Amino acid sequence: MLWPDTFNNHFHPETAKAAVAALEAAGFRVRIPGRRLCCGWPLYDFGMLDQARHRLRQILAELRPAIEDGIPLVGLEPACVAVFRDELVNFFPDDELAQRLSRQTYFFSEFWMQKAPEFTFPKLVKKALLHGHCHQKALADIAAEKALLDKLGLDVRVLDSGCCGMAGSFGFERDKADVASQIGELVLLPAVRQAEPDTLIVADGFSCREQIAQLTERRALHTADVLFMALREGKCGSVPD
């Protein structure tokens, strides 16, 4: 089950399509929820906890059959994965369905490393600059992203970059935009500007990719985009047009 988060669904549908194509190339049958759902993550920032709880109840009801069947849920947006792994069980600590969904939820790269160990990854002879999302680093780490990019043959440099500065809606707010850009300028944005033109900039978080797009001349890619690129362009890659 691929989670069609609001950000990739409405702003970067090419990334969601790339994820589906890559998963299918590895032999997985990909489902998406039968109705439009939202994990409620943007609501937490503004204290709308009752509304967020309502959204999560909708998800549990809609996904009950898939959860009970043990079908993994793969998320592209790290903040949404964090909701299912953390906020969900905090809201419903005694709900076994919530507990199971939390255990069955995977970051995109994490799913590949754990569920597709025999897949023959195509090779890309390129350099890559990897920036990790704060939610993912807080809950797990970005070792799976690094491992996946290594499997693709990329020469990967992991940035010790902290937060990108955008942080959800924070960097979009007029009175906070300067602070957001200053945070990005500590490590991430200078490193992106200094990267060679053919170096891939990899950042799974929508906020991170948006910060890079707004304050540099580069466009960052999701790990799913990079994997799809490898399948299309790399050695031994094979994916339908």
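Quantities reported herein were computed from a predicted structural model and do not represent experimental measurements. Computed over heavy atoms, backbone and side chain alike; hydrogens, waters and symmetry mates excluded.
Within the 4.5 Å cutoff, side-chain heavy atoms of Val156 are placed close to those of Asp150. Ile212 is not listed as a side-chain neighbour of Cys164, based on a closest heavy-atom distance of 4.5 Å or more. Between Leu124 and Val226 the shortest side-chain heavy-atom distance falls below 4.5 Å. Put simply, the side chain of Pro4 reaches to within 4.5 Å of the side chain of Pro33, judged on heavy atoms. Side-chain contact between Leu63 and Met1 is present, with at least one heavy-atom pair separated by less than 4.5 Å. With a 4.5 Å cut-off on side-chain heavy atoms, Asp155 and Val125 do not count as touching. Between Met113 and Leu148, some side-chain heavy-atom pair lies under the 4.5 Å cut-off.
Under 3.5 Å, the side chains of His222 and Thr15 contain no donor-acceptor pair of N or O atoms. Side chains of Glu62 and Gln58: a donor-acceptor N/O pair is absent below 3.5 angstrom, by distance only.
Hydrophobic side-chain contacts under 4.5 Å tie Val81 into a cluster, directly or through other members, with Phe107. Grouped with Phe170 in one hydrophobic cluster are Val179, Ile183, the linkage being side-chain heavy-atom contacts under 4.5 Å among Ile, Leu, Val, Met, Phe, Trp and Tyr residues.
Atoms CZ and CG, on Arg53 and Asn90 in that order, are 11.0 Å from each other to the nearest 0.5 Å. Note that the CZ atom of Phe228 and the CG atom of Leu23 stand 12.0 Å from one another [nearest 0.5 Å]. One finds the CZ atom of Arg100 at 12.0 Å from the OG1 atom of Thr105 (value rounded to the nearest 0.5 Å). The line from NE2 of His131 to OG of Ser161 is 4.5 Å long, rounded to the nearest 0.5 Å. Taking CZ from Arg218 and CG from Leu129, the interatomic distance works out to 8.5 Å, rounded to the nearest 0.5 Å. Atom CG of Asn9 is separated from atom CD1 of Ile32 by 8.0 Å, given to the nearest 0.5 angstrom.
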Run the salt bridge (charged side-chain N to carboxylate O under 4.0 Å, His left out) check on Arg103 and Glu96 step by step: do they pass?
CA-CA 11 Å; Arg103 294 192 297 268; Glu96 178 57 28; 3.1 Å; yes
Begin with the C-alpha distance, continue with both residues' side-chain angles, and end with the deciding distance and a verdict on side-chain contact (heavy atoms from CB on, under 4.5 Å) for Leu88 and Leu60.
CA-CA 10 Å; Leu88 176 64; Leu60 291 173; 4.2 Å; yes
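A salt bridge is absent between Lys146 and Glu110; no separation between the charged side-chain nitrogens and carboxylate oxygens falls under 4.0 Å. A salt bridge is absent between Lys151 and Glu145; no separation between the charged side-chain nitrogens and carboxylate oxygens falls under 4.0 Å.
Across all non-hydrogen atoms, the minimal contact from Ala18 to Ala224 is CB-O, 3.9 Å. The shortest heavy-atom contact between Ala52 and Gly40 is CB-O, 4.2 Å. The nearest pair of heavy atoms linking Ile201 to Ala195 is CD1-CB, 4.0 Å. The shortest heavy-atom contact between Cys38 and Thr6 is SG-OG1, 4.0 Å. For Gln99 against Phe92, the heavy-atom pair with the smallest separation is NE2-O, 4.1 Å. Closest heavy-atom contact between Arg209 and Leu221: CD-C, 4.1 Å.
Of the possible donor and acceptor atoms, one in the side chain of Gln211 sits under 3.5 Å from a partner among the backbone N and O of Ala180. Under a 3.5 Å cut-off, the side chain of Glu210 and the backbone N or O of Met166 do not form any donor-acceptor pair. The closest donor-acceptor contact from the side chain of Ser181 to the backbone of Asp178 lies under 3.5 Å.
Transitive grouping of hydrophobic side chains (ILVMFWY, heavy atoms separated by less than 4.5 Å) brings Ile142 and Phe121 into a common cluster. Leu200 is not connected to Val192 by any chain of hydrophobic side-chain contacts under 4.5 Å among Ile, Leu, Val, Met, Phe, Trp and Tyr, and they are in different clusters. Hydrophobic clustering of Ile, Leu, Val, Met, Phe, Trp and Tyr side chains at less than 4.5 Å, counting indirect connections, unites Leu97 with Leu101. When hydrophobic clusters are built by joining Ile, Leu, Val, Met, Phe, Trp and Tyr residues whose side-chain heavy atoms come closer than 4.5 Å, directly or via intermediates, Val202 is not grouped with Leu188. Leu43 and Val83 are assigned to two separate hydrophobic clusters, defined by single-linkage of ILVMFWY side chains at heavy-atom distances under 4.5 Å.
Annotation for Lys17: atom NZ does not count as buried by contact number, only 12 or fewer foreign heavy atoms lying within 6.0 Å.
For Trp112 and Tyr106, the ring centers sit 6.0 Å or farther from each other. Note: Phe7 and Trp41 meet the aromatic proximity criterion, with ring centroids under 6.0 Å apart.
Residues in residues 187-197 take part in these side chain to side chain donor-acceptor pair (under 3.5 Å) pairs, two or more places apart or across chains: Glu185-Arg193.
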Residues 68-80 side chain polar contacts: donor-acceptor under 3.5 Å, at least two apart:
| from | atom 1 | to | atom 2 | distance (Å) |
| --- | --- | --- | --- | --- |
| Glu68 | OE2 | Arg64 | NH1 | 3.0 |
| Glu77 | OE1 | Phe206 | N | 2.9 |
| Glu77 | OE2 | Ala79 | N | 3.3 |

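Partners of Glu24 under the salt bridge (charged side-chain N to carboxylate O under 4.0 Å, His left out) rule, at least two apart in sequence or in another chain, do not exist in this structure. For Asp141, the side chain to side chain contact (heavy atoms under 4.5 Å, CB included) partners two or more places apart in sequence, or in a different chain, are Ala143.
In this structure, His133 and His135 have tilted ring planes: the angle between them lies in the 30° to 60° band.
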